[in-house]
Amino acid sequence: MQRNLRALSHRICRTTFMYDERVISIADYFLERYQLRLKYPDLPLIVEKKQDGKQSYHPIECMAIAPGVRVSNQKMTREAQESMITKSCRAPAPLGKDLETGRDIAQFNQMNKYLNAFRVKIKDGFSTVPAKILPKPFLVGMAGIRPDINERGQIGYSRPNFKFADPIKLDKPIYFVSVDNALDNAQIEQVKNHLLAGGTAYGMKIHFSGPSDPRVIGGQVEIMKRMMMSEISRTSMFFFVTPEKIDENHYIVKKLEQELGVVTELIWAKTALDLSKPVTRYNVVAKINQKLGGVVANPEVPPELKLRNPTAYARAVADWFPNRMFIGLSLSHGGALSFTERVGGEEVKEPTCVGMAFTLRQTGKRTAVSWFIEKKKPIIDDLTRHFIHALDVYAVSNNKKMPTSIMIFRKGMSEGELKKAAYEMNQVKEAIKQISAERPELKDYRPTVQCIVCMANTSDRLFYKGRSENVPAGTVLEKEATNPERLEFIIVAHNAIKGTAKPVKCTVVKEMQGRVGRRLPLSEIESIYHTLCYINGVAASPTRLPVPLSDSEKAAERQMNNYKEAMRSGEGGIIASITRDGGPENYRRLSDHFAHKFRNIQYYA
């Protein structure tokens with residue numbers, strides 16, 4: 001049985017409790033009760049939280065880790081991260097005052113004698129620049145029914161009669177598993193009924209199966225693997241309910257998903273018991289639909305454009321989304337070393353992982369691939385072969401037709417990466433060249449390609465002049481707020497729930513006009529960026545980054561987690577044998593070993 005244990009900083013020799021109507025220390029208790037004199041009475045205790053709220057204390061030297069039991073090695077817990085973020089969030093008005101106060105303390109103003117000596121002029125106060133607010137896009141589901149999108153950008157998927165654009169129809173059941181008695185039998189049936197009702201409401205056809213006692217012991221890799229292998233041919237998806245939100249079971253199951261080639265979904269018990277709430281039920285049902293190849297909604301050109309310029313609107317309807325492929329590219333580097341690791345001369349062990357997500361014929365339908373490159377390398381390698389694979393997957397979904405236009409969103413951290421992204425586009429050019437050279441039917445294939453670097457860590461902050469709230473979703477700055485030597489814009493596509501909205505600076509770094517397709521001007525790129533932030537399908541509000549780009553981050557993170565899970569599970573020897581020869585081929589072999597078996601579904605949703 002798993003226990004909820006954590007280290008307690010109290011020393012054994014100093015921690016006391018009431019025993020037999022007297023106060024006794026932990027060390028004396030073990031000596032008296034078990035005739036065991038502790039060798040290390042100065043070590044911390046392990047405290048066990050029991051279900052009745054009471055606690056038991058155990059010396060570390062008396063504890064043994066059971067085989068297969070997993071322990072998180074993260075430097076900071078998820079709860080601590082959320083707490084830190086919550087406490088550090090600052091609303092626009094107080095953040096603006098903090099920035100002004102910090103500037104005055106640093107004397108970064110006209111009173112600075114050193115800056116004045118070099119005749120450097122500092123502007124007092126914030127810069128005031130004009131901005132525009134982009135119109136909200138339209139999303140469309142089955143039979144042309146559109147969910148409502150309010151002024152704040154919130155999407156009303158709960159609109160009566162709205163059904164998914166492409167709801168799944170399953171032949172095989174979803175296999176339901178409760179891990180570590182997360183739910184009892186009555187609760188399991190209740191969860192199934194909620195999911196069936198929710199799926200039916202949005203046009204899905206799903207059903208469940210599972211053992212007579214659908215409960216397994218978590219943290220046991222081999223037990224879970226045997227269970228999944230025995231049912232894999234008879235199920236469409238494994239649906240797990242776990243006791244905790246993120247625990248070792250999550251990483252084990254996702255690694256088995258990649259290894260066995262079967263889709264999985266995990267929710268924790270609290271979410272499962274909240275499925276009676278419409279919002280929670282929608283979120284889970286939408287994820288199931290997308291993971292199994294369905295589509296929630298597809299984007300349409302904002303209708304306001306028709307009122308402003310009917311000709312431009314007709315042109316946008318013809319080529320914004322039809323035959324245009326959207327791609328997101330991002331990197332996931334290995335975690336930073338601790339102080340002790342750096343002092344000890346250790347190096348980063350994990351390779352860097354590339355995530356590439358891309359849309360298919362329906363813009364609302366996406367998938368992704370990921371692969372490894374040299375650790376800490378900021379430039380994407382091995383892009384050519386994966387780009388060819390992505391084009392092939394797109395063509396399969398589009399009646400064997402390649403896209404006429406390709407728009408690439410590259411995640412960037414600083415302006416220093418602009419030239420690197422431009423260099424990476426040479427690999428894209430090579431991929432297109434190979435396709436046209438090796439395939440006679442595509443000998444003249446030359447699509448139009450545009451690459452936009454999205455710098456998410458910009459220090460820019462936007463404030464309403466004379467107002468205290470955040471700027472609305474779809475706020476865009478050009479010209480005065482950007483580098484005049486570049487084609488770029490600053491955008492806030494999302495609604496900040498906490499703190500001050502953090503904008504994204506977007507720079508067009510490469511444009512290749514092909515024989516087919518249209519090169520879009522900056523104003524249309526801005527509108528497409530904004531529209532793509534609404535197609536997440538699960539989130540009922542716009543995202544900060546265009547969804548293909550945020551999907552690429554998820555795919556890279558998933559691959560990196562699978563790598564770490566493999567190392568924790570004892571596959572280090574296998575991985576070492578794959579990469580033993582050194583050189584670039586190492587990472588190709590490693591990538592092929594961890595490649596998932598899904599071709600056109602959103603397995604990472």
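Small disclaimer: the values here were computed from a predicted structure and weren't measured.
With contacts defined as side-chain heavy-atom distances shorter than 4.5 Å, the pair F208/V191 does not qualify. At least one side-chain heavy atom of C353 sits under 4.5 Å from a side-chain heavy atom of S370. In this structure the side chain of F138 never reaches within 4.5 angstrom of the side chain of V301, judged on heavy atoms. For the pair R159/N161, no side-chain contact is recorded, criterion being any heavy-atom separation below 4.5 Å from C-beta on. Between I380 and W371, the closest side-chain pair of non-hydrogen atoms falls below 4.5 Å. Using a 4.5 Å heavy-atom cutoff, the side chains of D392 and M402 are in contact. Between L266 and V179, the closest side-chain pair of non-hydrogen atoms is not below 4.5 Å. Under the 4.5 Å side-chain criterion, counting only non-hydrogen atoms from C-beta, T363 is in contact with L532.
Under the 30°/60° scheme for interplanar angles, the aromatic rings of H596 and Y603 are found to be tilted. The aromatic rings of F239 and F176 sit parallel to each other, their planes meeting at less than 30°, with 60° as the upper class boundary. Taking the six-membered ring for Trp and thresholds of 30 and 60 degrees, Y157 and Y282 have nearly parallel ring planes, at less than 30 degrees apart. Aromatic ring orientation, F372 versus F594: perpendicular (interplanar angle above 60°, classes split at 30° and 60°).
Formation of a donor-acceptor pair under 3.5 Å by the T458 side chain with backbone atoms of V504 is not found in this model. Between the side chain of K365 and the backbone N or O of G293 there is at least one donor-acceptor pair closer than 3.5 Å. N399 places no side-chain N or O within 3.5 Å of a backbone atom of K401 that could act as its donor or acceptor partner. For T367 (side chain) and Q602 (main-chain N/O), no donor-acceptor pair under 3.5 Å exists by modelled atom type. Judged by distance alone, with hydrogens and angles left aside, the side-chain atoms of R324 form no donor-acceptor pair with the main-chain N or O of S405 at under 3.5 Å. In this structure, T235 contributes its side chain and P173 its backbone to a donor-acceptor pair below 3.5 Å. Within the 3.5 Å criterion, the main-chain N or O of T404 finds no donor-acceptor partner in the side chain of N323. Of the possible donor and acceptor atoms, none in the side chain of R439 sits under 3.5 Å from a partner among the backbone N and O of I435. Of the possible polar contacts, none joining the E524 side chain to the P521 backbone as a donor-acceptor pair under 3.5 Å is found. Of the possible polar contacts, none joining the Y313 side chain to the E304 backbone as a donor-acceptor pair under 3.5 Å is found.
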>> side-chain contact (heavy atoms from CB on, under 4.5 Å) for I145 and K163? Distances and angles first, verdict last.
In response: CA-CA 8 Å; I145 298 177; K163 297 185 185 301; over 6 Å; no
> After noting the C-alpha distance and the side-chain angles of E553 and L545, does the key distance pass the side-chain contact (heavy atoms from CB on, under 4.5 Å) rule?
Replying inline: CA-CA 10 Å; E553 292 181 301; L545 296 171; 3.6 Å; yes
> Under the side-chain contact (heavy atoms from CB on, under 4.5 Å) criterion, do T507 and M455 qualify, and how do the steps go?
Replying inline: CA-CA 8 Å; T507 306; M455 286 176 280; 3.7 Å; yes
>> Show, in sequence, the C-alpha distance, side-chain angles and deciding distance for I206 and N289, and conclude whether the side-chain contact (heavy atoms from CB on, under 4.5 Å) test is met.
In response: CA-CA 10 Å; I206 58 176; N289 190 68; over 6 Å; no
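When the options V295, N600, V547 are evaluated for a side-chain contact (heavy atoms from CB on, under 4.5 Å) with R366, the one that passes is V547. Looking at R410, K411, R544 one by one, the single match for side-chain contact (heavy atoms from CB on, under 4.5 Å) with L549 turns out to be K411. Screening V296, I149, N298 for a side-chain contact (heavy atoms from CB on, under 4.5 Å) involving L139 leaves a single residue, I149.
Taking both residues in full, the closest heavy atoms of A493 and C533 are given as CB-SG, 3.6 Å, listed atom of the first, atom of the second, then distance. Across all their heavy atoms, P299 and T531 have their closest contact at CB-CG2, 3.6 Å. When all heavy atoms are compared, the tightest approach of E511 to L520 is OE2-O, 4.1 Å. Residues C454 and C506 come closest through the heavy atom pair SG-SG, 4.0 Å. Across Y202 and V285, no two heavy atoms sit closer than the pair CD1-CG1, 4.5 Å. Residues R385 and S591 approach most closely at NH2-CB, 4.3 Å, considering heavy atoms.
Once rounded to the nearest 0.5 Å, the distance linking OG1 of T242 with CG of D180 reads 9.0 Å. Taken to the nearest 0.5 Å, the CZ atom of R446 stands 10.5 Å off from the CE atom of M512. With rounding to the nearest 0.5 Å, the separation of CD1 in I252 from OG1 in T264 is 12.5 Å. With rounding to the nearest 0.5 Å, the separation of CZ in F489 from CD1 in I525 is 7.0 Å. A distance of 6.0 Å separates CE of M227 from CZ of F238, quoted to the nearest 0.5 Å. Once rounded to the nearest 0.5 Å, the distance linking CZ of R315 with CG of N309 reads 7.0 Å.
In summary, E565 and K254 do not engage in a salt bridge, as defined by a charged side-chain N under 4.0 Å from a carboxylate O. In this structure, E259 pairs ionically with K225, as a charged nitrogen and a carboxylate oxygen lie closer than 4.0 Å. Ion pairing of E257 with R558 is present here, as a side-chain N (NZ or NE/NH1/NH2) and a carboxylate O approach within less than 4.0 Å.
Sparse packing is recorded around NZ of K205, with 12 or fewer heavy atoms of other residues, nucleotides or ligands lying under 6.0 Å away. More than 12 heavy atoms of other residues, nucleotides or ligands sit less than 6.0 Å from atom NZ of K502. No more than 12 heavy atoms of other residues, nucleotides or ligands shown are found within 6.0 angstrom of NZ on K270. Around atom NZ of K277, no more than 12 heavy atoms belonging to other residues, nucleotides or ligands sit under 6.0 Å away. Heavy atoms of other residues, nucleotides or ligands lying less than 6.0 angstrom from CD of E441 number more than 12.
Side-chain contact annotation: T448 with Q513, donor-acceptor N/O pair under 3.5 Å present.
A cation-pi arrangement, defined by a distance under 6.0 Å to the six-membered ring centre and an angle within 45 degrees of its axis, is present between R568 and Y251.
Annotation: side-chain hydrogen bond (donor to acceptor under 3.5 Å, both in side chains) contacts of H530 (sequence neighbours excluded): Y534.
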